[in-house]
Protein chains: 2
Amino acid sequence: MSKSQARSGQRRRDILQAALACFIEHGVEGTTIEMIRDRSGASIGSLYHHFGNKERIASTLFLQGLQDFSQALLQRLSEAGDARAGIQAMVDSYIDWVSANPDWARFILQTRGQVIHGEAADKLTAANREQFQKLRAWLSPHVASGTLKNLPLELYRPLIIGPVQDYTRAWLAGRVPHGPDRYRDVFATAAWQAVGANTAFKPASESP
Amino acid sequence: MSKSQARSGQRRRDILQAALACFIEHGVEGTTIEMIRDRSGASIGSLYHHFGNKERIASTLFLQGLQDFSQALLQRLSEAGDARAGIQAMVDSYIDWVSANPDWARFILQTRGQVIHGEAADKLTAANREQFQKLRAWLSPHVASGTLKNLPLELYRPLIIGPVQDYTRAWLAGRVPHGPDRYRDVFATAAWQAVGANTAFKPASESP
DNA sequence: ATGATAAATAGAATTCTATTCTAGAAAATT
DNA sequence: AATTTTCTAGAATAGAATTCTATTTATCAT
């Protein structure tokens, strides 16, 4: 189970890579098994041996992407010194990951709707839940210490990631020319304004 | 079957409604023409007479939804007095529309990825562009007058709608219990902080 | 090493769906 | 009323996903 895994693992990876390229180009519905077969060099039998059906190829790509990103995020988060750095780390992780894996990111952002209905829906739910727990674990102390606002937990993610995600979606769809990289600070600052307990009690410059 | 139905386009509407229900329940890929036929009471021939193929049923629902929302948004925006009210109107429009049409909203948020690859991609692009122009028209004077920050145009939408959209997605997917309605002010305030040319601090009540 | 067992590959055969086709009914138009 | 157009219908077809059976390749126990 050691050497064969490397071998079969290669075919598996070839299939996934070919499938991703097809999915990006034609969408999941628009790509046929035949296209994936052509591009990967695998046979029908091999395709079905490894994945069982087309949907499972897609959901594997999807979940692996989520996990890959999630790992990068949590890594950076754990290295962040204070709350402000943590917020910056979240925004940066997002930007760095999508910049490094634009196709994969495009696929994930475009395919969530299909995964939700498929067999892998439960796995997606589990992955979401896990990430939520870990995020919560990071947030809690900062909320307790008063460096982050005390908001309902489900609001942090939207407030922190919402803008950069929406922008990224537009970028990956070709609607805007510049990558999110260019606006790192705008997104991080907005996120911090939204969830940080801004002690910044600015003295009134123009007092009445 | 009744007779005056055809005249009124009732059959068409029945098909769309049945299709939406199926799409929500099983996803677009997961619903068969047969399911839509069953649920709508139309025949195969009738289905294809009205829409040509399954994808066009989906894209019709999608584009009509976008337009319906867009209209509501622009209406409210035109009624907004100042910049702050406009931002609030955008957030409120979003929240009100998805709250009033949760299934439709769910469908749109989940199906964008598929429409992008389909025949209606151009129409989607056109709709996006049109909405962008109108938004720009509203923003410009406020930017010029200094009540809104002067940011690259493509940033306003993500900063204003990003958080509420991400939250809404989570709500429609059943990941959070409360509708976005509950957090209107959080989202509107965050949006305003992000794009408004804020003065030093914000008092609890406004004074002229 | 060697036969036994499992994993992987292959492509033909089958099944399941979307779509097309032909025909007829209902409405609109003349 | 005749004719043209729109709509409805379901059988026939085409195309793609999936299953099946056979074969090859690797792993393991002896």
Side-chain angles (χ1 to χ4, degrees), chain A residues 1-62 111 114-115 117-121, chain B residues 1-62 111 114-115 117-121:
Chain A
M1 193 120 130
S2 45
K3 190 129 180 233
S4 81
Q5 214 169 42
R7 205 173 121 89
S8 69
Q10 188 54 48
R11 166 89 347 142
R12 235 184 104 90
R13 257 171 270 128
D14 289 347
I15 294 170
L16 286 173
Q17 190 180 332
L20 178 57
C22 293
F23 291 159
I24 293 293
E25 198 168 335
H26 307 104
V28 174
E29 274 181 304
T31 74
T32 67
I33 292 290
E34 177 66 12
M35 290 176 194
I36 301 175
R37 199 195 58 68
D38 267 1
R39 194 153 192 162
S40 67
S43 67
I44 304 264
S46 197
L47 276 166
Y48 278 88
H49 170 72
H50 286 292
F51 294 98
N53 60 39
K54 186 168 81 169
E55 187 188 322
R56 285 211 273 274
I57 301 178
S59 64
T60 299
L61 279 168
F62 183 90
T111 312
Q114 277 154 97
V115 176
H117 287 103
E119 318 169 51
Chain B
M1 313 244 176
S2 296
K3 41 260 133 231
S4 56
Q5 283 186 346
R7 278 280 295 102
S8 62
Q10 188 58 44
R11 168 72 16 124
R12 225 185 114 89
R13 256 170 273 128
D14 288 348
I15 293 170
L16 285 173
Q17 190 179 332
L20 179 56
C22 292
F23 290 159
I24 293 292
E25 198 169 335
H26 306 105
V28 174
E29 274 182 305
T31 74
T32 66
I33 292 291
E34 177 66 12
M35 290 177 194
I36 301 175
R37 198 195 58 68
D38 267 1
R39 194 153 192 161
S40 66
S43 68
I44 306 263
S46 196
L47 277 167
Y48 278 88
H49 170 73
H50 286 293
F51 293 98
N53 60 38
K54 186 169 82 169
E55 188 187 323
R56 285 211 273 274
I57 301 177
S59 64
T60 300
L61 278 168
F62 184 90
T111 312
Q114 277 154 97
V115 175
H117 287 102
E119 316 169 45

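What's counted below: heavy atoms across the whole structure, side chains too, no hydrogens, waters or symmetry copies.
- Put simply, CD1 on B:I44 and CD1 on B:I36 are 10.0 Å apart, with the number rounded to the nearest 0.5 Å.
- When each of A:I44 and B:I44 is assigned the nucleotide of DNA chain D with its nearest heavy atom, B:I44 is the one assigned upstream, toward the 5' end.
- One finds a side-chain N or O of A:S46 lying less than 4.0 angstrom from the OP1 or OP2 phosphate oxygen of C:dT9.
- Listed by residue number, B:H49, B:H50 are the residues of residues 49-57 of chain B with a heavy-atom contact under 4.0 Å to DNA chain D.
- For B:Q10 and D:dT6, the CD to C1' distance is 17 Å, given to the nearest whole Å.
- Atom CG of B:N53 is separated from atom OH of B:Y48 by 6.5 Å, given to the nearest 0.5 angstrom.
- Within a 6.0 Å radius of CD in A:Q17, other residues, nucleotides and ligands contribute 12 heavy atoms or fewer.
- Salt bridge absent: B:E29 and B:K54 never bring a charged side-chain N and a carboxylate O closer than 4.0 Å.
- Note that CD of B:E55 and OG1 of B:T60 are 10.0 Å apart. Values are rounded to the nearest 0.5 Å.
- Atom-to-atom distance recorded for B:L20:CG and B:T31:OG1 is 10.5 Å, nearest 0.5 angstrom.
- The interatomic distance linking A:D38 (CG) with C:dA10 (P) rounds to 13 Å, in whole Å.
- Rounded to whole angstrom, the span from the CD atom of A:E29 across to the P atom of C:dA18 amounts to 10 Å.
- Remark: C1' of D:dA17 and CD of A:E119 are 13 Å apart, rounded to the nearest angstrom.
- Taking atom CG of residue A:L47 and atom P of nucleotide D:dA16, one finds them 15 Å apart after rounding to whole Å.
- Going from atom CD1 of B:I15 over to atom C1' of D:dA9 covers 13 Å, rounded to whole Å.
- Between A:E25 and A:R39, at least one side-chain N (NZ, or NE/NH1/NH2) sits under 4.0 Å from a carboxylate O, which counts as a salt bridge.
- Mapping A:I33 and A:G45 onto DNA chain D by nearest heavy atom places A:I33 closer to the 5' end of the strand.
- Relative to the side chain of A:S43, the nucleotides D:dA16, C:dG11, D:dT19 differ in distance, and C:dG11 lies closest.
- A:R11 has its CZ atom 13 Å from the C1' atom of D:dT24, to the nearest Å.
- Atom CZ of A:R12 and atom C1' of C:dA7 are 13 Å apart (whole Å).
- OP1 and OP2 of C:dT9 both lie 4.0 Å or more from every side-chain N or O belonging to A:R37.
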